[in-house]
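Written out below as structure tokens is the structure these notes cover.
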Amino acid sequence: MNAWIVNFLYFPDDKSAYIPAIFEFAIFAVICVLVFRWIVRHSKKQEEQTRELEERVLRERKIEQQKDQQ
């Protein structure tokens, strides 16, 4: 088991091989932050639309109840 893990992990002697990995990580990290912010913004818009729909339905129910009472 340990031999498999040691063969799987690769630590280069030349540390300049890490530079492309750092760039890739930075790019993916920025993309993750942007996607997260987009999801939060989209969620807030949906929440507002849901709130407006709920208020409209409640107003319509109130109007219907007033008509039924008359």
Side-chain angles (χ1 to χ4, degrees):
M1 177 79 174
N2 287 339
W4 180 79
I5 292 174
V6 171
N7 288 334
F8 178 72
L9 296 174
Y10 170 68
F11 298 102
D13 294 330
D14 181 19
K15 301 302 179 190
S16 65
Y18 290 125
I19 294 173
I22 292 170
F23 285 133
E24 279 186 48
F25 177 78
I27 290 170
F28 283 119
V30 168
I31 290 171
C32 287
V33 168
L34 293 175
V35 168
F36 180 76
R37 290 181 56 127
W38 177 80
I39 289 172
V40 168
R41 230 180 290 130
H42 188 69
S43 174
K44 285 181 182 179
K45 287 180 184 178
Q46 285 184 336
E47 180 183 2
E48 183 62 32
Q49 289 174 349
T50 304
R51 187 177 294 119
E52 290 174 3
L53 178 64
E54 182 181 355
E55 288 174 359
R56 191 176 77 205
V57 167
L58 289 174
R59 275 184 279 149
E60 289 175 0
R61 282 186 183 173
K62 196 173 188 180
I63 291 171
E64 287 178 9
Q65 286 176 354
Q66 289 175 354
K67 285 181 181 180
D68 289 342
Q69 289 178 355
Q70 291 176 357

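We number each residue from 1, following the sequence as shown.
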Minimum heavy-atom distance Glu52-Arg59, with the two atoms named: O-NH2, 4.5 Å
Value rounded to 0.5 Å, distance of CG in Leu53 from CG in Leu58: 9.5 Å
Flag if over 12 foreign heavy atoms under 6.0 Å of OH, Tyr18: yes
Joint hydrophobic cluster, Trp38 plus Ile31, side-chain heavy atoms closer than 4.5 Å: yes
Expected output: side-chain Thr50 to main-chain Gln46 donor-acceptor under 3.5 Å: yes
Residues which pass side-chain hydrogen bond (donor to acceptor under 3.5 Å, both in side chains) with Gln66, listed by chain and number, not counting sequence neighbours: none
Pairwise salt bridge (charged side-chain N to carboxylate O under 4.0 Å, His left out) hits with a residue in residues 25-47, at least two apart: Glu47-Arg51
Cluster link Ile19 to Ile27, ILVMFWY, side chain under 4.5 Å: no
